[in-house]
Amino acid sequence: MPHADSVYLPGYIQTKTEFWDHVHLQLQALLEDQRYWVSNLSNAASLIYSSLSAFSKYFGDSERAVNWAGFYVRGDLFPRPRICKESPLPDDKLLLGPFCGKPACQFIPVAPGKERGVCAAAYLKGETLLVPDVEAYPGHIACDGETKSEIVCPLLLEHEGSTMVLGVLDLDCLALNGFDEEDKAGLEKIAKLVVNSSDW
Ligand code: SME
């Protein structure tokens with residue numbers, strides 16, 4: 001099957017649970033035999049964004065559309081420059097990773113006391129945050145003035161008996177209350193799959 005067909009949404013998919021199970025299955029197939037996180041997160045962002053655009057019952061390309069889907073990753077996990085002059089990789093910032101949507105802010109400070117925004121809060125808490133109205137969230141970073149609601153899910157890696165937070169998966173919606181508990185459950189499973197399918 002051509003890779004692009006993985007965003008095709010069969011007609012029987014009506015509920016959010018069916019939707020997220022389907023996306024999870026498609027993503028499993030896409031990430032097979034590939035462990036580079038840049039590549040895996042790129043296909044994950046594209047699959048999530050394109051599948052949500054096709055899910056017209058809840059999102060689609062209407063005024064309820066998801067206008068951004070992507071990742072912010074801890075700076076020190078980025079590949080080191082090997083050809084040009086090496087620059088230090090920051091461990092106190094999340095850097096913009098693979099995404100779909102309009103251009104977004106390049107980095108997010110996460111050093112305790114200097115953190116700002118929803119992504120930093122989800123990263124530091126290690127918990128998914130549902131924000132029904134971004135304007136009511138103190139410190140929200142507005143990358144796109146059209147965004148009304150947001151969900152941010154941490155990327156959690158179980159490693160040598162402890163849990164590391166590698167970054168976050170962030171989705172923005174043009175409508176208030178765009179996301180709910182079913183989206184949270186679905187995204188958390190997707191985040192786990194992406195983390196465990198990649199080398200960090
Ligand atoms: N709104 C986020 C910043 C990232 S953009 O939404 C893509 C925040 O407050 O952390």
Side-chain angles (χ1 to χ4, degrees), residues 6-27 41-73 94 96-105 108 110 115-156 165 167-195:
S6 59
V7 304
Y8 168 74
L9 216 54
Y12 68 82
I13 290 175
Q14 292 299 317
T15 69
K16 284 194 174 182
T17 304
E18 287 168 343
F19 172 81
W20 287 114
D21 284 349
H22 174 78
V23 173
H24 190 271
L25 212 63
Q26 297 300 313
L27 190 59
L41 270 55
S42 300
N43 259 345
S46 170
L47 179 71
I48 294 166
Y49 184 81
S50 307
S51 303
L52 285 163
S53 303
F55 193 27
S56 50
K57 185 166 175 199
Y58 289 100
F59 298 101
D61 57 3
S62 64
E63 69 281 355
R64 292 192 52 79
V66 168
N67 56 328
W68 202 88
F71 296 89
Y72 281 89
V73 177
L94 300 178
L96 181 60
F99 72 95
C100 282
K102 292 180 183 167
C105 59
I108 293 174
V110 289
E115 76 274 20
R116 219 186 112 224
V118 189
C119 291
Y123 172 83
L124 290 172
K125 287 185 179 151
E127 284 170 18
T128 301
L129 293 182
L130 272 166
V131 180
D133 177 359
V134 294
E135 284 185 22
Y137 188 96
H140 168 257
I141 301 171
C143 294
D144 181 344
E146 293 195 331
T147 296
K148 296 280 189 298
S149 59
E150 179 163 12
I151 183 169
V152 181
C153 174
L155 304 177
L156 303 174
V165 191
V168 298
L169 167 56
D170 179 15
L171 266 59
D172 294 346
C173 181
L174 294 179
L176 291 168
N177 298 301
F179 306 103
D180 60 19
E181 290 293 326
E182 284 185 282
D183 299 310
K184 175 175 181 283
L187 274 179
E188 286 176 350
K189 267 187 77 181
I190 298 273
K192 193 169 181 179
L193 174 62
V194 170
V195 166

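Just so it is clear, the values below take in all heavy atoms, side chains as well, and ignore hydrogens, waters and symmetry mates. Here the structure is a predicted model, which means the values were calculated and not measured.
Among all heavy-atom pairs drawn from Leu155 and Ala191, the shortest one is CD2-CB, 3.9 Å. Looking at every heavy atom in both residues, Cys105 comes nearest to Ile141 through SG-CG2, 4.0 Å. Of all non-hydrogen atoms in Tyr8 and Pro10, the two that sit nearest each other are O-CD, 3.5 Å. In this structure, Ala65 and Gly60 approach most closely via the heavy-atom pair CB-O, 3.2 Å. Val152 and Asp170 make their closest contact through CG2-OD1, 3.5 Å (heavy atoms, listed as atom of the first residue, atom of the second, distance). When all heavy atoms are compared, the tightest approach of Leu171 to Ala69 is CD1-CB, 4.0 Å.
Listed by first then second residue, pairs satisfying ring-ring contact (aromatic ring centres under 6.0 Å, His included) with a partner in residues 117-141 number zero, not counting sequence neighbours. Each salt bridge (Lys or Arg N to Asp or Glu O under 4.0 Å) pair with one or both residues in residues 48-73, not counting sequence neighbours, would appear here, but there are none. Within the structure, the salt bridge (Lys or Arg N to Asp or Glu O under 4.0 Å) test picks out the following pairs touching residues 171-180 (sequence neighbours left out): Lys16-Asp180.
The distance from the CG atom of Asp183 to the OG1 atom of Thr17 is 9.5 Å, given to the nearest 0.5 Å. In this structure, NZ on Lys189 lies 11.5 Å from CG on Leu27, to the nearest 0.5 angstrom. To the nearest 0.5 Å, atom NE2 of residue His22 and atom CD1 of residue Ile13 are 4.5 Å apart. Rounding to the nearest 0.5 Å places CG of Leu129 at 9.0 Å from CD of Glu150. Here the CG-CD1 distance, from Asp21 to Ile190, works out to 9.0 Å after rounding to the nearest 0.5 Å.
Exactly one of Val168, Val110, Leu169 qualifies for a side chain to side chain contact (heavy atoms under 4.5 Å, CB included) with Tyr72. That residue is Val168.
Take Glu115 and apply the salt bridge (Lys or Arg N to Asp or Glu O under 4.0 Å) test, not counting sequence neighbours, and it matches no residue. Residues satisfying the ring pair (Phe, Tyr, Trp, His ring centres under 6.0 Å) test with Phe71, not counting sequence neighbours, are none.
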*Go through the steps for Phe179 and Thr128 under the test side-chain contact (heavy atoms from CB on, under 4.5 Å), then give the verdict.*
CA-CA 12 Å; Phe179 306 103; Thr128 301; over 6 Å; no
Run the side-chain contact (heavy atoms from CB on, under 4.5 Å) check on Phe55 and Val66 step by step: do they pass?
CA-CA 10 Å; Phe55 193 27; Val66 168; over 6 Å; no
Dump the intermediate steps for salt bridge (Lys or Arg N to Asp or Glu O under 4.0 Å) on Lys184 and Glu188, then the final yes or no. CA-CA 6 Å; Lys184 175 175 181 283; Glu188 286 176 350; 3.5 Å; yes
(message) Is there a side-chain contact (heavy atoms from CB on, under 4.5 Å) between Lys102 and Asn67? Walk through the geometry before answering.
(response) CA-CA 8 Å; Lys102 292 180 183 167; Asn67 56 328; over 6 Å; no
Let me see the working for Gln26 and Val7 under side-chain contact (heavy atoms from CB on, under 4.5 Å), right down to the final yes or no. CA-CA 8 Å; Gln26 297 300 313; Val7 304; over 6 Å; no
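Put simply, the side chain of Ser149 does not reach to within 4.5 Å of the side chain of Leu176, judged on heavy atoms.
Of the possible polar contacts, none joining the Glu127 side chain to the Leu124 backbone as a donor-acceptor pair under 3.5 Å is found. Without hydrogens or angle criteria, Trp20 side chain to Leu187 main chain gives no donor-acceptor distance under 3.5 Å.
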Contacts table for residues 47-54: side-chain donor-acceptor under 3.5 angstrom, sequence neighbours left out:
unit_1 : atom_1 : unit_2 : atom_2 : d
Ser50  : OG     : Ser46  : O      : 2.8
Ser51  : OG     : Leu47  : O      : 2.6
Ser53  : OG     : Tyr49  : O      : 2.8

